[in-house]
Colleague: 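Got a structure for you, written out below as structure tokens; questions coming shortly.
Reckoned from all heavy atoms, side chains included, excluding hydrogens, waters and symmetry mates.
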Amino acid sequence: MTTQTELPPMQEYLLDSAGKKIFVAETGDGPPVLLLHGGGPGASGVSNYARNIAALAKEYRVIVPDLPGYGRSSKGVDGADPFGYLADGIRGVLDRLGLDRAHMVGNSYGGACALRLALDTPERVERMVLMGPGGIGTTRALPTPGLNSLLNYYSGDGPSRLKLEKFIRTYLVFNAAEVPDSVIDARYRDSIDPEVVATPPLRRPSGPNALRTLWKMDFTRDQRLARFPVPTLVLWGAADKVNRPSGGRLLAERMPDCDLYLVANTGHWVQFERADLFNRLCADFLAGRR
């Protein structure tokens with residue numbers, strides 16, 4: 001695994017999107033690429049893609065938002081349709097930046113956001129890369145231990161550094177020793193923001209419409225996948241303990257233009273754990289060099 005985390009200078013700004021403030025950092029020049037981060041406690045855009053931004057910025061305009069509910073963006077996510085809510089927020093970013101189309105790269109929760117945005121408005125997405133995306137086959141099996149650990153972070157006795165470290169070292173990555181303590185410290189600080197604790201952005205659906213929400217959140221139930229026009233690369237860690245690697249095959253079987261790459265000895269955080277491989281595959285796929 002690469003240890004390169006040096007970031008290039010980045011422009012930072014806040015955008016208004018559907019009544020919310022979305023924090024964005026960007027760098028580079030070329031075709032626009034949005035990097036959408038995962039939904040774990042304390043996640044944010046630049047931190048999740050620290051090992052990828054500089055490499056991709058050599059060829060692309062790299063745009064890295066904090067998803068609604070995370071980082072320096074407005075807090076709160078609509079629990080009745082979380083993927084749709086995130087997608088609306090990111091589509092608003094495209095609108096505010098004057099981008100008719102862009103590439104989308106999404107990990108986990110960000111992958112679900114990218115896929116929902118592309119299903120609803122495929123004309124806005126040029127090409128798409130998904131890494132262990134959420135919402136794949138979730139109504140076809142019980143949640144994984146890793147997903148339960150993530151969803152339970154704010155419940156019970158509440159958030160703690162110990163709970164976060166267990167999630168990251170036990171479930172998020174393949175090799176726990178390669179995650180610096182500084183990464184866990186920074187994520188823990190962000191995870192206990194009072195606004196986030198009050199309205200966690202990733203929760204189990206509840207209430208009378210919970211089953212309807214769960215069904216809507218499983219993309220394998222969406223018949224639009226069969227005619228999905230956006231060329232897509234799916235990367236999945238073979239040792240992913242959060243979202244089952246079998247989800248990659250479910251997508252490849254349903255989408256007409258989907259490449260699948262299963263990454264050995266890798267967990268849920270492909271872009272961090274196997275950064276050099278990810279950077280090459282992503283840059284080549286988005287440029288059509290596949």
Side-chain angles (χ1 to χ4, degrees), residues 4-18 20-28 32-57 60-77 82-83 85-97 99 102-117 125 128-134 150 168 172 179 182-184 186-191 193 195-196 200-202 235 268-273 275 278-279 282-283 286:
Q4 178 63 39
T5 57
E6 185 175 348
L7 288 166
M10 303 191 75
Q11 179 186 3
E12 300 181 349
Y13 46 87
L14 283 171
L15 294 177
D16 289 310
S17 175
K20 298 285 187 177
K21 297 288 187 181
I22 305 294
F23 172 81
V24 177
E26 72 162 274
T27 187
V33 179
L34 271 71
L35 306 184
L36 307 179
H37 64 81
S44 62
V46 171
S47 67
N48 269 209
Y49 289 99
R51 296 181 169 178
N52 319 114
I53 291 170
L56 294 175
Y60 298 98
R61 177 187 177 188
V62 179
I63 301 165
V64 193
D66 288 345
L67 292 177
Y70 291 87
R72 285 182 266 181
S73 292
S74 295
K75 304 306 183 283
V77 171
F83 297 163
Y85 183 85
L86 296 179
D88 288 345
I90 297 305
R91 190 180 299 106
V93 170
L94 294 179
D95 292 342
R96 292 304 304 269
L97 293 178
L99 297 174
H103 298 302
M104 294 283 161
V105 176
N107 172 232
S108 195
Y109 209 21
C113 170
L115 184 52
R116 176 63 182 272
L117 189 156
V125 183
M128 184 166 64
V129 178
L130 305 175
M131 301 89 74
L150 192 164
I168 290 175
L172 187 66
V179 180
S182 59
V183 170
I184 297 171
R187 288 190 59 154
Y188 175 63
R189 287 194 300 269
D190 289 344
S191 77
D193 179 315
E195 285 189 276
V196 176
L202 182 57
L235 303 173
H268 187 57
W269 223 6
V270 174
Q271 81 277 14
F272 183 91
E273 299 177 72
F278 168 83
N279 293 340
C282 187
L286 296 181

Colleague: Is there side-chain contact between Cys113 and Leu67, with heavy atoms separated by less than 4.5 Å?
Modeller: yes

Colleague: How far apart are the closest heavy atoms of Leu150 and Pro41, and which atoms are they?
Modeller: CG-CD, 4.3 Å

Colleague: Any idea which heavy atoms bring Gly89 and Pro68 closest together, and the distance?
Modeller: CA-CG, 4.5 Å

Colleague: On a heavy-atom basis, which atom in Tyr70 and which in Ala43 lie closest, and how many Å separate them?
Modeller: CD2-O, 3.5 Å

Colleague: Could you give the distance from CG (Leu172) to CD (Glu273), rounded to the nearest 0.5 Å?
Modeller: 6.5 Å

Colleague: Just do the side-chain contact (heavy atoms from CB on, under 4.5 Å) check on Tyr49 and Val62 with the steps written out, would you?
Modeller: CA-CA 11 Å; Tyr49 289 99; Val62 179; over 6 Å; no

Colleague: Hey, what do you get for CD1 (Ile63) to CD (Gln11), rounding to the nearest 0.5 Å?
Modeller: 10.0 Å

Colleague: Can a donor-acceptor pair be found, under 3.5 Å and without considering hydrogens, that links the side chain of Tyr60 to the backbone of Ala283?
Modeller: yes

Colleague: Which of these, Val125, Leu36, Asp88, sits in a side-chain contact (heavy atoms from CB on, under 4.5 Å) with Leu117?
Modeller: Val125

Colleague: Check Lys75 against Gly69 and note the closest heavy-atom contact, atom names and distance.
Modeller: CD-O, 3.5 Å

Colleague: Under a 4.5 Å cut-off applied to non-hydrogen side-chain atoms, are Ile53 and Pro8 in contact?
Modeller: yes

Colleague: Out of curiosity, Ser191 OG to Ile184 CD1, how far, rounded to the nearest 0.5 Å?
Modeller: 11.5 Å

Colleague: With a 4.5 Å limit on heavy-atom distance, are the side chains of Phe23 and Ser73 in contact?
Modeller: yes

Colleague: Checking Leu286 against Val105 for the side-chain contact (heavy atoms from CB on, under 4.5 Å) test, could you report, in this order, the C-alpha distance in whole Å, the side-chain angles of both residues, the deciding distance, and whether it holds?
Modeller: CA-CA 9 Å; Leu286 296 181; Val105 176; 4.2 Å; yes

Colleague: What's the spacing between Arg91 CZ and Arg116 CZ if we round to 0.5 Å?
Modeller: 8.5 Å

Colleague: Please lay out, stage by stage, how Arg187 and Asp190 fare under the test salt bridge (Lys or Arg N to Asp or Glu O under 4.0 Å).
Modeller: CA-CA 5 Å; Arg187 288 190 59 154; Asp190 289 344; over 6 Å; no

Colleague: Less than 4.5 Å apart, any side-chain heavy atom of Leu94 and any of Leu34?
Modeller: yes

Colleague: Side chains of Lys20 and Tyr85, heavy atoms from C-beta outward: is any pair under 4.5 Å?
Modeller: yes

Colleague: I need the Asp16 CG to Lys21 NZ distance, nearest 0.5 Å.
Modeller: 3.5 Å

Colleague: For a 4.5 angstrom cut-off between non-hydrogen side-chain atoms, does Ile90 reach Leu86?
Modeller: no

Colleague: To check you understand the geometry: which heavy-atom pair defines the closest contact between Gly38 and Ser108, and what is its length?
Modeller: CA-CB, 4.1 Å

Colleague: Where do Leu235 and Phe278 come nearest, in terms of heavy atoms and distance?
Modeller: CD1-CD1, 3.5 Å

Colleague: So does Met131 get a backbone contact from the side chain of Asn107, meaning a donor-acceptor N/O pair under 3.5 Å?
Modeller: yes

Colleague: Side-chain contact test, heavy atoms from C-beta onward, threshold under 4.5 Å: evaluate it for Leu97 versus Tyr13 and give yes or no.
Modeller: yes

Colleague: How many angstroms lie between atom CG of Asn48 and atom OH of Tyr109, to the nearest 0.5 angstrom?
Modeller: 14.0 Å

Colleague: Is Asp66 reaching over with its side chain to a backbone N or O of Gly45, donor-acceptor style, under 3.5 angstrom?
Modeller: yes

Colleague: A side-chain contact here means heavy atoms from C-beta on lying under 4.5 Å apart; do Leu35 and Gln271 qualify?
Modeller: no

Colleague: side-chain contact (heavy atoms from CB on, under 4.5 Å), that's the test. Do Val24 and Arg96 meet it? Break it down for me.
Modeller: CA-CA 11 Å; Val24 177; Arg96 292 304 304 269; over 6 Å; no

